Each structure stands twice: as structure tokens, then as C-alpha cells.
Amino acid sequence: MWAVTGAQMTASALVSLRNVGKIFPSGLVALADYDLDVRQGEILTLLGPSGCGKSTVLRLISGLSSPTAGSIDWSAPQIKNNIGFVFQDATLLPWASVFNNVFLPLRLSGLSRETASARVDEALAHVGLLDFSRSLPRELSGGMRMRCAIARALVTHPALIMMDEPFAALDEVTRFKLNDDLLTLKRRLSATIVFVTHSVFEAAYLSTRIIVMSRRAGRIIDEIEIDPAIARDDDYRSSKTFAEACRRASHALRVSIEEATR
Amino acid sequence: MWAVTGAQMTASALVSLRNVGKIFPSGLVALADYDLDVRQGEILTLLGPSGCGKSTVLRLISGLSSPTAGSIDWSAPQIKNNIGFVFQDATLLPWASVFNNVFLPLRLSGLSRETASARVDEALAHVGLLDFSRSLPRELSGGMRMRCAIARALVTHPALIMMDEPFAALDEVTRFKLNDDLLTLKRRLSATIVFVTHSVFEAAYLSTRIIVMSRRAGRIIDEIEIDPAIARDDDYRSSKTFAEACRRASHALRVSIEEATR
Amino acid sequence: MSKKRRTIQWRDIGAPFAVFFAALALWEALVRWKNVPPYILPAPSVVFEKLIEDRELLFSSLMVTLGVTFEALVVATICGVALALLIAQSKWLERALLPFAITLQVTPIIAIAPLLLVYMQPGNAVLVCAFLVAFFPILSNTSLGLASVDFGLRDLFDLYHASPWQKLIYLRLPSALPQFLTGLRIGGGLALIGAIVAELAAGASGQGTGLAYRIVEAGFRLDIPRMFAALALISLSGLAIYGALAALSYVLLRGWHESARADQE
Amino acid sequence: MSKKRRTIQWRDIGAPFAVFFAALALWEALVRWKNVPPYILPAPSVVFEKLIEDRELLFSSLMVTLGVTFEALVVATICGVALALLIAQSKWLERALLPFAITLQVTPIIAIAPLLLVYMQPGNAVLVCAFLVAFFPILSNTSLGLASVDFGLRDLFDLYHASPWQKLIYLRLPSALPQFLTGLRIGGGLALIGAIVAELAAGASGQGTGLAYRIVEAGFRLDIPRMFAALALISLSGLAIYGALAALSYVLLRGWHESARADQE
Amino acid sequence: DKIRFATNWRAQAEHGGFYQAVADGVYARYGLDVSILQGGPQLNARLLLAAGRVDFAMGANTIQMFESAQQNVPIVTVASMFQIDPVIFMSHPGVGLDRFEDLPKATAFIASDMRASVWQWLKQAYGFKDQNAKPYNFNSAPFLADKKSIEEGILTSEPYAIEREGGFTPNIFLLSDYGYDSYSTTIETRADTIAKTPDLVQRFVDASIIGWYNYLYGDNAQANAMIKRDNPEMTDGQIAYSIAKMKERGIVDSGDALTDGVGVITDARMKSFFDKMAKAGVVPADLDYKRGYTLRFIGKKVGMELRPK
Ligand SMILES: Nc1ncnc2c1ncn2[C@@H]1O[C@H](COP(=O)(O)OP(=O)(O)OP(=O)(O)O)[C@@H](O)[C@H]1O
Ligand SMILES: Nc1ncnc2c1ncn2[C@@H]1O[C@H](COP(=O)(O)OP(=O)(O)OP(=O)(O)O)[C@@H](O)[C@H]1O
Ligand SMILES: [Mg+2]
Ligand SMILES: [Mg+2]
């Protein structure tokens, strides 16, 4: 039996987007009639051509942007206050050290530097930046800046993690390690993750569900479910399930791009 | 016979870095005793863990940064004035439209808007941004911004192209298309390309030579040559040469990271 | 959507006017209730009457003052930007020239106006006084703007071996625009002040008599309502200048600079 | 490396001084060659002699003026920043309050000082005058700074539901720092001017007599060398204030803001 | 009684009588504790008086009095210490500006208070022109530099500095010699003060008059020391020059003062001056200027015995 299915599973939806439209003031229709459920505990990956509206969906869910049509409903609104977000750009405070950048969310939630410092150091250690905790963002390489942003998003142990191409600027070894770290963390926190990536392999490895979007107003081309029960390890990378998920995602991606350029 | 070799080929060097050192004012040693020849006409890929000094090497070669030790020599200094550079960040003028951003290098070389406009449009068409030529950078998605930067770097038909993870923010289909476009352009211009990527596959597909750097002061771990005569197409992706190059690069990368964390 | 827009526009104009009239009403009430005599604090209604009554005199004075203001602002803008550009060329020039600029800024006009009258024609002396008051904020802010160019963009221009002139036109000036425009807004108000101070110190330029003299004269005559009428004209001019320059800012920065964008979306 | 450093430091200090002394020498030569009488333009040497001769009188006056300057600058900074923060809260507040701030800016102190003396004690009137002159640039620049917060960072703070207070402390104030510091540099010079104008307009605060009065009195007595000596002290104070504030800027912005970094590397 | 008195300029010999009365205790003898608030270029003493910040103020000339009457400001002139307004024009000698008739064609440096008053009359009476008027900010350098200019001044002060620093003796035209018969250095107070405490006003006027006699004819060393303390720039030379000029021209003690005592004001002279000003259009002809002064406290020959025979 394939663990990859196209069927709609009816798990409890954490957030539901219904008929959501987003038209920017420039007149550009980024999303139209967009429907999406983010289910409790899943790892949902958005895949799609550049400019199809993936970042827009993340911003809408997290409330940083409001839809011009439709509704966004939360089944557990308190989770809205416990979101971790890795933006597509690192978005660090240029005047603050790496430590202070990662400390920021904890500081905002009222923790003192002493209480927080162990947690900050732990987060920095995970992304391999412990030696740079006193550096300013300007003194970091592109990948290091992104890792700092990842540490900042995870340091609060959020219930909902949004990640917009977090690992794109990282080498594959570090990327694999962080993928596994992310899975461990998710399990520990029973968090929900909404993930954007351009790597079909990464999507297939991490996700319990992949949604492929089209460049045309974010239309959903395909939805691929991967059994969450399957352990994600090196064996999985060479499994048929993985290969099939990759194949289907790649295909949908190709379709979506051909549709767009037609 | 393997097309992938470790032997040092003695082609004419366009730029030679000898015993180059780079110590930042913060005291960080980014490069020490670094030797590198960029050969005329090659596609040289730098691979290495995040923060190992790849961007620093590119900045040193292009003269945007100067070494604190060693020398950088050009065999054809006029090429120094004909460099295209895709920075790791898109680095667009926030007040200028996409068209004007891509037009900028031509404008700086004295071309009028009328003369340049066909070339700009061509470059924009290649990266799929023709419809957005009047948009401001803020109105673009992350990947679109990066594509705009790519168009800007290539619009001058440079003799030396430096690219710092240019395709990291792009979906795989677009990425493959741009990879092929780049190869075509390179052939047309007989340009030299220095490329930074985190994708081992991309490195193996594009390069005629891959250099894997270590996080320790940029030490070179391995150097992989791939016969430039081999056509880069879908067949190549499934060839043994390709697989072997990927394998060797991955291995070197793993070594470099293990070395660094040890 | 369009309804929301309209509401916002109404509030945009309504709010400041409401506050403004509330302040005037409070003032009027206070004056009437406490029976403050007009030579100490005239009620707004009295000032307004005076404004109507003396309109010809006051408006012709206003024109003289505004003439000097605009000349001073133009000259201050040109000199401030030019000096900022010169200073931005090198640390050496900055260190050599800035002390003179600072000295000019802190030199009290009132004190040196008599000397200026010795060295130059009265018309020029007036302009120099008004100019001195207005130019420093423009210089400082433009300098900050020119120095704040993003390093990535600077690298880009270096890469293409852009000439200093090209860097200026295509990189530094647009980068400096937000700060320059703020300097201009400060300078606009100061040019008005400068025109007034200049008139007191060095005389009105041309044949007419500016508002400064009207104010001082009204003070000597204890005709305080007229003094307030003249002050009201100055305030209105200041608001008009600020408004015009703010609108200019908005047009130039809209779309790309954070300070001129209402919201991200 | 270290040698290069030292060379730069020598030039840093040497150049401005060289230019400065060259300017003085030129002035001296001009005065001697053209035989300009001291009551029209005194030679620097004469001014310097006077400075030494009258040092006690002038320095005690300087202290009075500097006292007012610092008080005014402190008050202007507090009020300018506070108002900028208030204005930054909402467009509504901005539109309601800014007109008042602009009105205050363009109100000519010299002209209304007699009225201020009617409403308040002389000491306060002096402070208000000096304050009015200095506060607007601080307000404007801080406002620009507060409005120029990067949208990405703004989103980040929204995401964590940061309180307005937290946004202020951790985001908006640091973002606004470069512009605020430029405003402060402009305001520093203006506070000095303000102190002088205020003294002329409203009398010295306290018992002492400030430099403004020395200048006017020396002018009245045609003791122009002493007038220039007093002006020289004012210029030096202005330079000192600017230098101190520039050093403060450098310390606060070094490392992260473009304007305070010599080079990318 | 605590009294605050505002002068119209920094402490100088022209205010000597008031300082004298403080210094030698005449005010104290009259039961007054007087503090003198010295004026300055921007201080509007009469506004402070109207606002109740001071109890008495020094008025510069009679035109100001007309204007407060015109504006319905309840300020009343109760005495005039100077019989002659010492306002002058100065010109460079030997450049064709030696006669008063020559002056209207020259550039005139005049302070804004003069421009608001005397100048209006000069325009009408002698044909001075607005376009020649340039501001005088109490610094004579522009006048010295421009030989074809004239400058306003006070008989007792500016000529001294010009003689010393400019190295020549300027032509001096005392405007009172040319028909400008304003009073000067008057004592003004509010109408309600007169109504409520006429006795206080009388005491202040009397003591001030005695102060002036003593200052001119008695030992004025203490008063001068006080002037120099209030105004450290004041020099002995300047004070001596001022006193000499005041005596020479009878600024304080001449005309009506010789018969009725220092401080006197007469209806006849007021009318003569008012008619001139009304004719010049400086003040409206129907102005009830008599509201602005009272003869109630003067002409009592107070202190005349102090004048040396
Ligand atoms: N502020 C804005 N104003 C106008 N248009 C915008 C704005 N932000 C995004 N867009 C447009 O909305 C569309 C979707 O943008 P979005 O950033 O969601 O794409 P994306 O899927 O994240 O792409 P990428 O993979 O390149 O990051 C794009 O066409 C973009 O041009
Ligand atoms: N301006 C700077 N000041 C101090 N240190 C710097 C500066 N720029 C880079 N570095 C340091 O130099 C090292 C190499 O940086 P570089 O940007 O070359 O890395 P990279 O190989 O491009 O990494 P990535 O793949 O993450 O982009 C890093 O450790 C970084 O912290
Ligand atoms: Mg995106
Ligand atoms: Mg890099």
C-alpha cells in the first residue's frame, strides 16, 4: 500500500482559509478563492513556482497581512500568540548581537536575560552559531544570518512554526542535520509546521502533506499526503514512498509552471 | 575512463590568488594562505559549509574587498572591468523599477534607454520577469527579486560571471531552465564563471571544476574536475560521471564539516 | 473598501481642523471668562477681526517676507546640498569644511548683521542672514543621507566602476532623498524665521516692509491684536510651506521608502 | 597596518587645523594689507589679544550662555523625542499635533519675546526661547527615524505581539537613532543660538550676563575686537558641542549603521 | 511698599536719578522698597506694566503715550524726568550732510522703536523716506563704514563711542531743536494704581524727582557704582560724558522744570506736540490723548531746593 495518497484526511483543522483572496494595492491578484486547512500536528509544505503566493499564504495565516476577501478561522486562537516564523529574508536587528537577536522573542515575552540565556545558547548551538553569539549580523555570512533567524524562531518552542525557505542558503549536510533537528523538535513540542521550500526532496522528506500551488492566483494543483507514521531517516530517503512523493511533486510543479507560462 | 579527475590541469589562469589571507577587523580569519587559479573559460564552483569563506573569495576576486595578505593577479586585467556579479542578497535599488534595476549596468556604461531597452527586455524575458518590468522591488517575491538580480548581472554580457547562490530561492524547474540558459550564454560569450552553490547536483551539472572548501580558514579539501566536453543535458544527469561527481563532492563536503566541528 | 477609504480621508482632514478649532475655542473662552484685556492676550475673534481690518497692510508685508523666505530656501538648499556633496567626497574635506559650516550655524545673526551691512549691499545682507539660518539642517541631513548608502549597493556601483558623478546621480542622491527632504522641511520653517530675523537685523529687502517690522511696530504700539494677526499669518505660511514640502516628500518617496508608506501591503 | 593607521590619525587632526590656520592667516593678511580699521574688521591677532585680556569677563559670560544652552538642549531633546513618539502613535495624532509644532517652530522668538516676558518669569522665558529654537529639528528627524523602521522588523515584532512600549524600546528607538542623532547635532547648534537669541530677547536668566549681551554691548561701544572675541568663543562652543555629539553618534552607531562605518570590511 | 520699576534700557547715566534714589535711601525714606528691572533691546517695559508684572515703567517718549491711549491700554504718564528728548541724528562731517535739511537724502540707521514713532513725524515734517531707513541694532559699524549715512542716537551716549573708536566728532542734530518737543524718560503707571493708591504714586514720583536732583547736583558716586554693577560694561568715561551732556543741554532741568521743578509736564506742551503728531498722521486727530497723562503728581516744586543757586 502506498503511503502517499491524494485523499482528503479529515483531521482537526487548526486554521482554515476559506475563499481567501489577496489583491495587492498594485492591483496584482496574488491569491483568489484560496482554500486551505492547516491541521493540528501536521507538517505542511507549500511548493510552487517563484511568485506563486507561498509567502503570501504564510503571512496571511500568521496575521501579518490581511486578506482582501474570504475568511481565516482558528480553532484554537491562543495558538496565534505562539507562532515561530522564519522569514524568507533573515530580518535581523542590525544593531543587536546574534545572542540578542535570538533572545529577542523571549525578552518580548518578559523573560530576563539570566533565565533566557541557557535557552538562547541551546538554540544557537543547534544552528552552530554559539561561537558567534557576540557578532553583529553584518559580520555573518548569508547562511549564518539565516541560521540565526532559525534559532530565533525556534527558541520560544512555538506551537505553530512557519518557515519560508529556511534552509535555502545552507549546505546540504547542515541542511540535513537541521531537517532532523526540526523533526525532533516538532515531536517534542507536538507543534504544527507550515513549511515553504523549493527542494522537492526536502518537501518529501519532512512533510506529512505537500501542496503544490500554481502561479495563477495560487490555485492548488495537487495535494500529496505522506503517512506521518513513517520514520524519517536515511532509509526513508531510499524508500519507494519517498521516491513516489518526489516524483508526484516534481510532476505537479512542472504542470504548474507550464500552466503559468502558457 | 572517468571524466572526473583530481589532476591539476594547467590551463591559462585568468586570475591567480596566491597565499591570500583575509582577516576581518573583528579578528576573524576568513581565509589563510589561500591559493586559487580561475582558468579562462571554466565554470568553477565553490562548495563548502556555510560561513567557510565562499562569498569572501568572490568579493576578493572582483576587487570589492582587498586581501590582508597575499596577492591577486590578473592575466587579462581588462576583464576586471567586465564582471557580472549576482550577490547573495538581491541588492536592488529600492526606488527603481525592475526595468531600471536591470538597465542600471548598461546605463552606467553609457547606453541610452532606447538602445538598451531591447537588451534589458531580453534579459528580463529569460528570468520570466517581463510582466513585472514596471514593478518596484518591494512588490516582488523573494525569488523574483533574485531573478531580477540575475538579469542585471547578465545583461552586460560579462566576460567573467560571479554568482553567489543565485538560484537558491528558485523552484527546481525554473532553476533547471536557468542552469541551461546560463550554459548557453556562457558558450555564446565564452565567459568564465565562478559559481557558489549549496546544491551538489547543481555543482556537478554546471561545473567543469568543483572546489570544496573547509570551514577552517577556507582550506581546500578537494578539487573535482569534470570534462568540459561532456554535453550538459538530461542524459548527463543520469550519467555515471555525474553521479561520481556528486558522490565525491558530497563526501568532501561531509569531511569538511566533520573537520570543522571536530 | 471604497467606503473605508472615504472615511479615512474625512478623518485625515477633519481631525486636525477639529483639534485646531477646539484650541481656538478654548482660547476664546479663557480670554472671555477671565476677562483678559486684549493688550495682554487678545481673543482669536479679535485677532481675526484685525486680520480682516488690516488685510492690505499685512498681506503686502507678508509678500515681502515670503519673497525673502523663498529666495533663502532656494539658496540654502543649493548651498546645503552642494556642501554636503563636497563633504561626502572625502573625510579630509569633511574635516576641513565642516568647522566652517558649524561656525556659520552658531554665529548669532543679530550680532553680525551690522557687520554684514558693512560688507555688502543691504539686499544681499538680508539674504545672507536668512540663508544662514536655514542651511545647516539641510546640510546635516543631506550629509547623513549621503553617508547612509547601503553597502551592498555601494559594492554594486564599485563593481561597474561607476564614475563619482554616476554614483551621485543614481545611488547617493536617491538614497539621501528621505533625509534630504526632512532637512528641507526643517529648513523651510527656518527660512521663514530667517527672513524675519533678517529683516529685523538687516532691513527688508526691496522697498516694502515685511511682517517682522509689523510685529515689532505693533508691539511698540501695544497693538497686540495686530501683532497676533501678523503672527497668525506667519504660522499659516509656515504650515503651508511645511505642507507643500511634505507633499513633495510623499510624491518622491511613495512606493519605496518606509516613511512614506502607510502599510506593508 | 599600524603605520597606516597612525598616518590617517595625523591627517585627521592635521588637515582641519591647517585649513583653519590658513584661513586665519589670510584674514590677518587681508586686514593688514588693506588697513581695515578694527571697528570694521579686527585682525585675528587683535581678537586673540582681546580674548586673553578680557578672559575673566568673557568666560563668566560664556558659562551663563552655556548653562542656558545645555538646559535648552536637554529640554528640547526630551520634548522633541516625546512629541515624535506621540506623533508616531497614529496618523491621527500626527495630523492633530504637528500643526502646533510647526507653528511653534516658525514663530519668531525675537518678535514675541516681549510677550513671553508678560506671561512668565524671565528665567523661564529665556529657557522657552532657547528651547523653541532647538526642538523642531530633533522632532522632525526623530519622526523620520521612527517612521523609517524596516517593514520586515515591524512584522517580526507584530508576530510576537510586542507591546507598544517594547516596540519602542527594542525596535523604533534603535532604528531612529541615526536620524535622531543628526537631529541632535542640528539641535545642539540651535540651542546655542537659541540661548543667545533668548538672552537678547528676554534678558539673561539668573544674575549673570551671557555672551549675547557682551556682543551687543561691545557693538554698542564699537569695541568690535571684543565682539569678535565673544563670537569666537561662541564658535568654539558650537564646535565643541558638535564634536561631542558627533563622538556620541560614532560610539552609538559604530558597527551597525552605514553612516558610522568607514568601510565594508 | 515693594515697588518694581522697569527701565527701558540697560543701566546707564540716563537712568541715574532712579539709581540715586535707591542708592542714597530716598525711596526708603519715602517708605518704598524699589527694585529696578533694567531693560534691553527687546524688553517692552510698558507691556510689562500693563500686564502687572511691574508697578512703574519708564516711557521713552510721548508718542508711546498717545499710542497706549489709542489702544485703550490703561497706562498713565505721571511725570517726565527729561524735559528734552535726547534723541539725535548723527552724520559724518564734511560730506554734504552738515545741515539738517541735508539729512533726508541719506541712508538712515534707525532702531525699530524710533521707526514706529519719531520717524513717522520726520517723514511728514521733513520729507525723510522709508526706503532710506535701515535697521540700527545698536552697533555703529555700518554708520562708520558708510560716510553718506546718518544714524539715530541718544545725545548722551553714541557720540562718545564714535568719537573714541571712529576717531572723529560727528555732526549732532538734537531733534528737539527741530520741533520735536516730546517728553522723555517718563514715569508711567496703571490707572488702577492711581485710583487705588494715589499716595504711593505720589511718593514714588517725589522720591524719583529728588533722586534726579541729587544725581545731577549732589554726590552721585554710589548711584554710578550701582549702575556699573547692573551693567558691567558701563565705563566711568561714558558716565561722565553722559552727565556732562545732560547738564550742558539741560535735558533734565530746563524750561518748565526751572519754574515748577523736575518732572513737570504741561498741558500746553502736550497739545503742541499732539497737534504736530496728528498733523503728521502719526496719531488720529480725534484721539482723547488727555487720558494718557495726569498733572496731579507734579509741578509741586519738590526738591527744587537741591538745585545749586
Ligand atoms: N507588497 C507587494 N505589493 C505588490 N505585489 C506583491 C507584494 N508582495 C508580493 N507581491 C506579489 O504577489 C505575488 C506572490 O508573492 P509571494 O511573495 O507570495 O511569492 P512566493 O510564492 O513566496 O515566491 P518566492 O518563491 O519567489 O518567494 C508575486 O507575484 C508578487 O509580485
Ligand atoms: N564584514 C565582516 N566582518 C567580520 N566577519 C565577516 C564579515 N563578513 C564575513 N565575515 C566572516 O567571514 C566568514 C566567511 O564569510 P563568507 O560570507 O565568505 O561565508 P560563505 O562561505 O559565503 O557562507 P554562506 O554560505 O553562509 O554564505 C564567516 O565566518 C563570517 O562570519
Ligand atoms: Mg516567498
Ligand atoms: Mg556567502
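Labels below follow one simple rule: chain letters A, B, ... track the order of the sequence lines, proteins then strands, and each chain is numbered from 1. Everything quoted here is computed from the prediction, not taken from an experiment.
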Go through the atoms of L140(B) and report whether side chain, backbone, both or neither lie under 4.5 Å from a heavy atom of chain A. neither
Expected contact set for residues 195-208 of chain A against chain B at heavy-atom separation under 4.5 Å reads H198(A), S199(A), V200(A), F201(A)
Is the count of non-hydrogen atoms from other residues, nucleotides or ligands lying under 6.0 Å from R134(A) atom CZ greater than 12? no
Nearest 0.5 Å please: distance from the CG atom of D171(B) over to the CZ atom of R215(A). 7.0 Å
Option in G143(A), S55(A), A30(A), S50(A) with maximal non-hydrogen atom pairs under 4.5 Å from chain B: S50(A)
Residue part contacting chain B, namely of R175(A), when any heavy atom lies under 4.5 Å: neither
Look at D89(B) together with R145(A) and state whether they make a salt bridge at an N to O cut-off of under 4.0 Å. yes
Atom pair CZ/CZ of R138(A) and F24(B) - distance to nearest 0.5 Å: 12.5 Å
Can you say whether L47(A) sits under 4.5 Å from chain B via the side chain, the backbone, both, or neither, judging by heavy atoms? neither
Minimum heavy-atom separation for E165(B) to A169(A), with atom names? OE1-CA, 3.5 Å
Is chain A contacted by the side chain of Q88(B), its backbone, both, or neither, given a heavy-atom distance below 4.5 Å? side chain
Distance col, row E172(A):CD vs L253(B):CG, nearest 0.5 angstrom, shows 7.5 Å
Separation between CG (L28(B)) and OG (S135(A)), nearest 0.5 Å, reads 7.5 Å
